[in-house]
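Worksheet: the structure to be examined is printed underneath.
Because the structure is predicted, anything quoted here is derived from the model rather than measured. Order of the sequence lines sets the chain letters (A, B, ...), proteins ahead of strands, with each chain counted from 1.
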Amino acid sequence: MTRPALPPQYDPSATESSTYRRWQDAGVFQPRTGGEPYVIVMPPPNVTAVLHVGHGLNNTIQDVLIRFERMRGRAALWLPGTDHAGIATQNMVERLLAREGKTRFDLGREGFVERVWQYVRETGQTILDQLKAIGASCDWTRTRFTLDPGYSAAVRHTFVTLWEQGLIYRGHRVIHWCPRCLTALSDEEAEFHESDGKLYYIRYPVVGGEAGQAVVVATTRPETLFGDVVVAVHPEAPHTRWAIGRRVQLPLTHIALAVMPDAAVDPQFGTGFVKVTPAHDATDFEIGQRHGLPMPLIMDPEARLRDPGDPVGRRVPEALEGMDRFAARKWTVAQLEAAGLLAKVEPYRHAIRRCHRCDTVVEPRLSDQWFVKMAPLADPALEAYRSGKLKFVPERWGGVFENWLANIRDWNISRQLWWGHRIPIFRCQACGEEWADRQDPAACRRCGQGPVTQDPDVLDTWFSSWLWPFATLGWPEETDDLRRFYPGHTMVTAAEIIFFWVARMVMAGLHFLGRLPFEWVYIHGTVRDTQHRKMSKSLGNGIDPLEVVQRYGADALRFTVVAGAPVGTDVILDPKDLETSFAPGRNFANKLWNAGRLILSTLGGAPEPLSAVPRADLELADRWILSRTQRAVKAVTEALERFRLNDAAGAAYHFLWDELADWYLEQVKPRLYGQVPGGEAARAVLAHVFETVLKLLHPVIPFITEELWSHLPGRGTTLLATAPWPVADSSWLDPDAEARFAQVQALVSAVRSVRAEYGVHPSRTVRAIVRPAGPLAAQAFEAERRTIERLAKLASLTLDGETAESPVPAAQPQAATAGAHAVLPDGSTVFVPLADAIDVRKECERLSRERERLERQLEAQAARLANPEFLSRAPAQVIERERAKERSWREQRDALAAKLRDLGCS
RNA sequence: GGGCGAAUAGCUCAGCUGGUCUAGAGCGCCUGCCUUACACGCAGGAAGUCGGGGGUUCGAAUCCCUCUUCGCCCACCA
């Protein structure tokens, strides 16, 4: 049964999808029955997401680890799924509605949620299907979604449990509010962005003071002054002490404020006087709480100014009513200026918080929200890290994790959204009882009557994500999967998600199951463009992984991101030049393909196993490649064990290309063509080495290796994906063979170098007269005479002193024996007579012409470098470059002169 | 304001606990080759005072200090 010949160029698109199907049909992605479990849970992409190259990197790394452990015989489970992504998904569907000219309020809550579900049902599978194109070997039978019924039950169970443990409470405080999304945000969702703003200095006239007497406050948000309730100063600051107890006039209103001391004030900042707006600033809120101050809200949820109807009088001027905060800022500044109350304005660079979903400037806002008390959860997590049970790669991220946990703040988990897990808190309209419940109650649990209403808010998305490592396995039910696959082994993710997700999973795992959800946290870099900007849709600098897969194949994509991603560093790719970015991966796949073509075409039937070959039948090159193979196995295995995926890819790459293809295959060819002595041994070695290298490469480039594997004779229908990982066999290690073969390589390279330098046409052969530096070299050269002659294109190899044919001492070439000499690293010398191989006279002429050309160039360059105009006008860098050019030309000229001498040119 | 990371060939990066580094790879560049596995290739080659300065050491790209430039994270100075 002959298979069709393999084409000379590897065509990934011809085989990738059918290879993936073979894996799936064989069920290799499901964990095997026996074996120690090895579990990775996939960071669930947003259900609305479309695959970008960041997903590509993240999931390729996971796949490499999973495939490696699967081949090592572990019961490998990679559990996939998607996240409902509350705000992100709601925003997306709202944008779709906006195109129809509708808002979510037009549909109503139920209608809107149904609409989102419809969207999720239609598109939610997209990203997971795309992951298949890059070869992700997830167990798709266990795919989960954070809004699955079972998963939702876990979320609800979690909430109620925390409530029962007293770890959930309602907080009345200033939180981050997004006026566009109309919801509260957690600290992590309100991201800092540096921006250029202004610091306004505003005069608050002293009531009953002399004319013009005022305290000056500094603020970046003048429009909030209408919410001021006091002006605060530091209790001990001498320069502001005079004002304590005085009253000042709130500008543009009829309200007077007290000046009072509070230690939170930094007397050095601004003027030392601080306007206190408790409802719109977190620090001011705390001051307000300490002193029992009123806390008027002067904006509506959409951040438009609204008068709160304060008993002390109208706060927000009529003209501002309903005006957006930024317009209100302009208006206020103009009015202050007109009233002579604007002391000065300074440019001011500071960090403001923006909604991480829509980039709107967050408005601090006083409101009621549900919070999780975090300190009790954080302590065990800290302990796990500090005791070394939880490990980070690279280690430094552990410090980030630790620092965040050590300074943890309570977590605002309520969102004023419709898409998500609704908060299971119920309230009796009759008696006011409020409680969390695992089931929707029919009646009040206390008074048994009265209509019961559920809290309208939903939970922060991360309140469901933090259960991912175990809720996906059926928790809180005691399922077989949970028993077998919890805890997992490694979490692979990006640094930006350490707080959002990693830390919270650790806390949840420890709190609810008493065990860490994973032992290792592997933090990989970010994919950036050549200007080191993060790839993003809005910048238009993204790379579409599917386009890469289509053009160069999934293996090229995988190889490129793995080889280009040393632990913890960013991956730089050029979105404008996919060819340059991904060609190395494609070229490598092609190299492997063609090495495979050569090997497979010469193997014939199944070769005998290596163990059946008498060692005496092995030649030096065989012993060398077998020894190198053991080293490659060891290097790749250790690199993968230590999460150094790029080193693993690199080691396998160089073994295949630089050793197997460039040297072993080139020298073994004569033994493979036809029935020659040593052919059987060569075939056995080749089969063994090739099989091994396919295995080593499979985790990184699974498609092409599986395809080549299927062509190996005697493999039947077995799959490489579940083939056993190679084990380094030290009995094949042969340092002596390695040393000898290195001698051979050095000699071959030296002769090749001479040939190239003197322009010996590839079709011509030359002779070489070699004086070995020692017995090792002499033996190696003698034994490998044929190989050396072949690889170096020699007609004959003469070991100096051994034959009388041409005992020319290499050190003293005569004019009559024009030629070149070279010295090997070990001191062996090589003399290559060239009189027969090239037309010496012509070569002399060529070299002379070349030398003349260089002389002319040097002359011109000397003139240029002497030109005062050039020296005075050209930038120093340019001058330096020109000088360097001159130096290099001079060296070239000297080298030419040496060659001319060697050839005996006149 | 605090912390972390990076600075090595034109580009992207290796170089892990100081000495096989007279500093490597891939891409790019130069020269020659369509040599029956591969031109997505083969052979040969050029190219770096390892960001600046100081120090420790017999010896430093590698350790320490300092400066410069980039990047990231954290932070209630309005």
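Salt-bridge formation is detected for the pair A:Arg586/A:Glu579: a Lys NZ or Arg NE/NH1/NH2 atom is positioned less than 4.0 Å from an Asp or Glu carboxylate oxygen. Here A:Lys344 pairs with A:Glu346 in a salt bridge; the nearest charged N to carboxylate O distance falls below 4.0 Å. A salt bridge links A:Lys634 to A:Glu638: at least one charged side-chain nitrogen sits closer than 4.0 Å to a carboxylate oxygen. Ion pairing of A:Arg631 with A:Glu659 is absent here, as no side-chain N (NZ or NE/NH1/NH2) approaches a carboxylate O to less than 4.0 Å.
Under the 4.5 Å side-chain criterion, counting only non-hydrogen atoms from C-beta, A:Ile287 is not in contact with A:Val274. The side-chain heavy atoms of A:Thr526 and A:Val571, taken from C-beta on, include no pair separated by under 4.5 Å.
Counting non-hydrogen atoms under 4.0 angstrom, A:Phe401 reaches nothing in the nucleic acid. At a threshold of 4.0 angstrom between heavy atoms, the contacts of A:Asp662 are confined to the sugar-phosphate backbone, with no base atom among them. When heavy atoms are screened at a 4.0 angstrom cut-off, A:Arg752 is found touching the sugar-phosphate backbone but no base atom. At a threshold of 4.0 angstrom between heavy atoms, the contacts of A:Phe499 are confined to the sugar-phosphate backbone, with no base atom among them.
Here B:rC77 presents its P atom at 12 Å from CG of A:Asp284, a figure rounded to the nearest Å. Computed from coordinates, the A:Arg642 CZ to B:rU17 C1' distance equals 11 Å when rounded to whole Å.
Nucleotides B:rA47 and B:rA9 have their P atoms positioned 15 Å apart, rounded to a whole Å.
A sub-4.0 Å separation between OP1 or OP2 of B:rU35 and a side-chain N or O of A:Lys669 is absent. For A:Tyr348 and B:rA78, the shortest distance from a side-chain N or O to OP1 or OP2 is below 4.0 Å.
Evaluation of atom-type donor-acceptor distances gives no pair under 3.5 Å for the side chain of A:Gln9 against the base of B:rA39.
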Can you give the dot-bracket line for RNA chain B, using ( ) for pairs inside the strand, [ ] for pairs that cross earlier ones, | for pairs with another strand and . for unpaired bases, where Watson-Crick and G-U count if both distances are under 3.5 Å?
-> (((((((..((((.....[....)))).(((((.......))))).....(((((..]....))))))))))))....
